Amino acid sequence: MALNVKSLEGNELAQDYSRKPLERGRWGTTWDVFKGNFGKIVLINLLMLVFFLPGVAVVIVRMLYISAMGLQFPFNANTGLGYPAYPGMQGLTESIYLSADLMFYSLLIVAGFVASVGVAGGAYSLKKLVNTQGEFKVKGFFRGVKVCYFNTLLPVTVFLIALFGSTLVGDWKDLVIAQGGSSAGPITAYVFAIIATVLVGIYCAWLLAVGVSYKLKLTQLFRNAFVLLIGSPLPTIFMAGFSLIPVWLVLIGSSVPFLNIVAYIILVFFGLSFIVMCWMSFTQWVFDMYVAPNMKAAAEAEKAKKTPRELALQKEEEDKRVARELLAAGKSELIGKPILPIAEKPAVAPLGLTYTRADLNRISSDKAKLGEDIKKYENQHKNDPVYAEYNKLFAEREKALQDETDKKGRKKKRVSADNLLR
């Protein structure tokens, strides 16, 4: 299925590095990078985690707040036989959760502004790490923040707002049921809220991938993310689930103490990097199927780093190497001297079916001019290294062939194309 994502072509965010060809394919290379650069992955994970600390603080304070409220309020209504007589506490627990989530999930959205810094730098750095097969510097992390922060802040904020809404719907559902109200409507609303949050989350993940990989206008960002999501629904769902393995371990570990400790250790040291690396590799794989990659060859990348003097010396050495290779095939006039390149427009216009003496004179004039251009080009380029080296080597060869004996009268080894360069 061909996707209309032409606006992505030529807008790749990769100005500070050159993509290298993936010798083992996208996933083989990703695995090799993960194994061979584990220290860099841990460093990126810790850098991201620093910016997640405000959000982690909000979650911890929420838990402490709810626990404190549980100690202050009585949750068992008195039967009326004792003193004092407590009023009915039906639904009080659910009310506390609703009020706490209303406050702390609002703060979590604000903490997302800081977390977006880590997501932007981490996503850009891990994408670069795979595309360059191991290049990473801390400076590159903050470059990713500079060029991708807004495109990261947008999907993070949208997802946190959706999460905030679904959490409030869930708390409202619990409160209505606890107070004895009908459960059909609240449960239905909660199910739809969860589905909507999952869909918004997947769409925001695509927004993040497109925003970190390409420089686009806001409308183009939304449209291309939607097109790519619709164009690859099953792979997207599978990779979203696979990428979140560290999160699944934390959720499963909530009921298994030992697994819970292992899950949090994984999340702290490389879990976040694993999530982002898997997702960025998958989305880059999709991009490369529908968008011509803006990939520079490794030789061009090295060339960009050299000074003009180094480039001139490199060109001279390359010309000499070409001359030596051509020498082995035998001397040729076509190679030994410069030849004027063929122009797109013929230098001598052909005659038609009917022609006059003026046409013949024009052809003669064109031929004469062409001859002058050939000589002029030959004089201009005859000292180029590729021709000078070629002719110099043949001159040495001819001289060696003429001298059959050395000073002591012994027969010298005959020079040939096979041994000339030894």
Side-chain angles (χ1 to χ4, degrees), residues 31 34-35 38-76 89 91-105 107-109 111-112 114-115 118-119 122 126 156 159-160 162-164 166-171 173-175 177-178 187 190-191 193-195 197-198 201-202 205 237-279:
W31 175 240
F34 184 82
K35 292 187 300 179
F38 191 72
K40 296 177 181 178
I41 290 172
V42 171
L43 177 58
I44 294 172
N45 195 88
L46 294 176
L47 285 171
M48 286 193 288
L49 195 60
V50 168
F51 297 98
F52 276 66
L53 290 179
V56 174
V58 169
V59 174
I60 293 174
V61 173
R62 171 186 173 273
M63 295 170 59
L64 296 175
Y65 174 81
I66 293 174
S67 299
M69 295 294 287
L71 294 174
Q72 292 178 8
F73 284 89
F75 287 91
N76 293 318
M89 296 296 174
L92 180 59
T93 303
E94 290 74 17
S95 297
I96 291 175
Y97 271 94
L98 179 60
S99 62
D101 289 344
L102 185 63
M103 176 172 55
F104 286 102
Y105 275 83
L107 293 175
L108 192 62
I109 295 174
V114 181
V119 175
L126 290 166
V156 169
F159 173 70
L160 290 177
L163 182 63
F164 174 68
S166 65
T167 302
L168 292 186
V169 171
D171 292 340
K173 171 201 50 104
D174 294 337
L175 180 60
I177 294 174
I187 290 176
Y190 186 48
V191 170
I194 292 175
I195 295 173
T197 302
V198 171
I202 294 175
I237 293 172
F238 173 79
M239 284 306 303
F242 179 80
S243 300
L244 292 173
I245 286 178
V247 177
W248 304 138
L249 291 176
V250 171
L251 295 176
I252 296 171
S254 60
S255 58
V256 183
F258 174 74
L259 183 59
N260 196 30
I261 295 173
V262 174
Y264 276 109
I265 290 174
I266 290 174
L267 194 64
V268 168
F269 284 98
F270 65 91
L272 296 176
S273 292
F274 178 86
I275 294 170
V276 176
M277 188 175 188
C278 287
W279 183 250

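Predicted model, so just to flag it, every value in this text is computed and none were measured.
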Just checking [X]: does its [atom1] atom have more than 12 heavy atoms from other residues, nucleotides or ligands closer to it than 6.0 angstrom?
X	atom1	result
F52	CZ	yes
F164	CZ	yes
M63	CE	no

Gap between atom [atom2] of [Y] and atom [atom1] of [X] - 0.5 Å precision:
X	Y	atom1	atom2	value
L168	L175	CG	CG	12.0 Å
L108	D101	CG	CG	10.5 Å
L272	I44	CG	CD1	11.5 Å
N260	I265	CG	CD1	10.0 Å
L259	L251	CG	CG	10.5 Å

Geometric class of the F38/F34 ring pair [parallel <30°, tilted 30-60°, perpendicular >60°]: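 Perpendicular, since the angle between the ring planes exceeds 60°.
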Aromatic plane relationship, F242 with F274 - under 30° parallel, 30 to 60° tilted, over 60° perpendicular: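 Aromatic pair F274/F242 classed tilted.
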Shortest non-hydrogen contact between M48 and G122, atoms and distance: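 In this case the closest contact between M48 and G122 is SD-CA, 3.7 Å.
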Sidechain-backbone polar pair: W279 side chain, S243 backbone, donor-acceptor under 3.5 Å: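 No.
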Donor-acceptor pair, side chain of N45 and main chain of S273, under 3.5 angstrom: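 A pair under 3.5 Å: yes.
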Residues F159, T197; criterion side chain to side chain contact (heavy atoms under 4.5 Å, CB included); working and verdict: CA-CA 7 Å; F159 173 70; T197 302; 4.2 Å; yes
Step-by-step side chain to side chain contact (heavy atoms under 4.5 Å, CB included) determination, L102 to L98: CA-CA 6 Å; L102 185 63; L98 179 60; 5.5 Å; no
Criterion side chain to side chain contact (heavy atoms under 4.5 Å, CB included) on L249 and V262, from CA distance to verdict: CA-CA 8 Å; L249 291 176; V262 174; over 6 Å; no
